[in-house]
Protein chains: 2
Amino acid sequence: MPTPHYGQPRYRVIADDLRRRIENGAIPPGALLPTESVLTAEFRASRGTIRQAIAALREAGLVVTEHGRGTYARPRPPGSRETTAPLLTTGQREVAADPELAALFAVEVGTALVELQSIEQSRGAVEAVVRIYRLRSPSQ
Amino acid sequence: MPTPHYGQPRYRVIADDLRRRIENGAIPPGALLPTESVLTAEFRASRGTIRQAIAALREAGLVVTEHGRGTYARPRPPGSRETTAPLLTTGQREVAADPELAALFAVEVGTALVELQSIEQSRGAVEAVVRIYRLRSPSQ
DNA sequence: AGAAATTTGTCCGTATGTATC
DNA sequence: AGATACATACGGACAAATTTC
């Protein structure tokens, strides 16, 4: 189903959607917008179209994009050290078992465990961080 | 040589090639794939095309990529949780935010967080330990 | 401990071919 | 035919995480 642009052009519909999110706080000031590739998936639009939408927002002064970094919702003056909560789900890593984990898994303290971390978000804020620990693959 | 994609797109040809290497063991499980720059040289394709190929493998669950590290051949299906075993809540307590949690919640290191811990059991053995962290009071 | 090199992540700009309205 | 959108591909640049020296 490509290219039904009866009323408005696609890029304008997308730009309006994003503008709404910024104005109602779904994307708080200073926060990073989803990346172009994420928006591409979400809107099922090509990168060129996404870029056209973001360019419209930029021209309207609603966002600022930094080369190599991303696009921010109406940036704030310098001095606000607000760490942009990493959109990166740190995924999986190895950690050493603390005493409690070691007891639960019945292994020695320091044994390598796999930690999977995920983040529960709501309205751009991190609501909860979930960490799941497992023994390393028994099948290898 | 820009953009002759008559038959298959290049990124898919490259993805298929890499998938074959993984499936026939040329790239064993857990091993690092060649770096993007190496693949760029090998396939004489641009980095974007290489990344597109790797993204296809990632979406297929064949590889996992870590920032600054590299791309691994299926080290462990990360997102797939069978969730057959029920979780037993084993406790709730307050902990101080470590640097990573502090960054995620946008609070200072040491801020009190609530930690809920539960375990997933199967035939008496602990399969996984789940720790959920939340802010003690609503931040707004 | 700190600097440099590696490697992936993201963005920019551009170009070409294809398909649809 | 023209405008819009999509898919693919290239090259260059800065950012950030990791590793190495």
Side-chain angles (χ1 to χ4, degrees), chain A residues 1-18 31-59 63-73 75 81 83-95 115 117, chain B residues 1-18 27 31-59 63-73 75 78 99-100 103-104:
Chain A
M1 323 64 182
T3 324
H5 65 285
Y6 298 115
Q8 280 187 324
R10 194 105 162 75
Y11 76 90
R12 186 155 294 286
V13 174
I14 295 172
D16 286 341
D17 190 323
L18 292 175
L32 274 172
L33 266 67
T35 67
E36 290 183 352
S37 75
V38 168
L39 292 173
T40 292
E42 174 176 341
F43 288 104
R44 304 247 196 116
S46 76
R47 195 184 147 221
T49 303
I50 296 298
R51 288 178 52 73
Q52 206 170 350
I54 291 179
L57 296 176
R58 188 164 44 234
E59 202 163 2
V63 301
V64 164
T65 81
E66 286 184 35
H67 194 165
R69 217 175 195 183
T71 298
Y72 294 88
R81 196 71 183 92
T83 61
T84 61
L87 216 44
L88 323 156
T89 28
T90 44
Q92 140 180 356
R93 65 180 171 185
E94 264 187 24
V95 299
E115 180 195 89
Q117 179 171 294
Chain B
M1 314 67 205
T3 328
H5 63 283
Y6 299 114
Q8 270 193 328
R10 296 205 63 196
Y11 76 89
R12 196 165 309 158
V13 175
I14 296 171
D16 287 341
D17 189 307
L18 292 175
I27 301 177
L32 275 172
L33 268 67
T35 68
E36 291 178 356
S37 80
V38 168
L39 293 173
T40 291
E42 176 179 345
F43 290 102
R44 303 256 192 109
S46 74
R47 194 180 157 216
T49 302
I50 297 297
R51 286 179 58 76
Q52 204 170 351
I54 292 177
L57 297 176
R58 188 162 45 234
E59 200 163 339
V63 301
V64 166
T65 301
E66 290 182 29
H67 192 168
R69 275 239 170 95
T71 297
Y72 295 86
E100 186 174 4
L104 289 170

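Letters go in sequence order (proteins before strands), and every chain restarts at 1.
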Exercise. How many Å lie between CZ on B:Arg51 and P on D:dA9, as a whole number?
Worked result: 16 Å
Exercise. Does a donor on one side chain and an acceptor on the other come within less than 3.5 Å for B:Arg58 and B:Thr65?
Worked result: yes
Exercise. From the list C:dC12, D:dT8, D:dC6, which nucleotide is the closest neighbour of the side chain of B:Arg12?
Worked result: D:dT8
Exercise. Within this structure, what is the CG-to-C1' distance between B:Leu33 and C:dT6, rounded to whole angstrom?
Worked result: 16 Å
Problem set entry | Interatomic distance, B:Gln8 CD vs D:dA7 C1' [rounded to whole Å] | 14 Å
Exercise. Looking at residues at least two apart in the chain, or sitting in another chain, which of them share a side chain to side chain donor-acceptor pair (under 3.5 Å) with B:Arg12?
Worked result: none
Problem set entry | Atom-pair distance (CD1 on A:Ile50; P on C:dG13), nearest Å | 16 Å
Problem set entry | Separation of atom CD1 in B:Ile14 from atom P in D:dA9, rounded to whole Å | 8 Å
Exercise. Partners of A:Thr40 by side chain to side chain donor-acceptor pair (under 3.5 Å), sequence neighbours excluded?
Worked result: none
For this session: May I have the distance from B:Gln52 (atom CD) to C:dG9 (atom P), rounded to whole angstrom?
Result: 14 Å
Problem set entry | Residue A:Ser46, side-chain heavy atoms: nucleotide from D:dT8, D:dC6, D:dG11 that is nearest | D:dC6
Exercise. Nearest to the side chain of B:Arg10 - C:dT8, D:dT18, D:dA9?
Worked result: D:dA9
Exercise. From the list D:dT8, D:dC6, C:dT10, which nucleotide is the closest neighbour of the side chain of A:Thr49?
Worked result: D:dC6
Exercise. Looking only at N and O atoms, is any donor in the side chain of B:Arg47 or the base of C:dT10 less than 3.5 Å from an acceptor on the other one?
Worked result: yes
Problem set entry | Separation of atom CD in A:Glu36 from atom P in C:dT10, rounded to whole Å | 10 Å
For this session: Give B:Gly70 one of three labels, base, sugar-phosphate or nothing, depending on what nucleic acid heavy atoms sit under 4.0 Å from its own.
Result: sugar-phosphate
Exercise. Rounded to whole angstroms, how far apart are NE2 on B:His67 and C1' on D:dA17?
Worked result: 5 Å
Exercise. Is the shortest side-chain N/O distance from B:Tyr11 to OP1 or OP2 of D:dT8 below 4.0 Å?
Worked result: yes
Problem set entry | Derivation of the side chain to side chain contact (heavy atoms under 4.5 Å, CB included) call for B:Leu18 and B:Ile14 | CA-CA 6 Å; B:Leu18 292 175; B:Ile14 296 171; 4.2 Å; yes
Exercise. Pick one: which of B:Leu57, B:Ile54, B:Val64 meets side chain to side chain contact (heavy atoms under 4.5 Å, CB included) with B:Thr71?
Worked result: B:Ile54
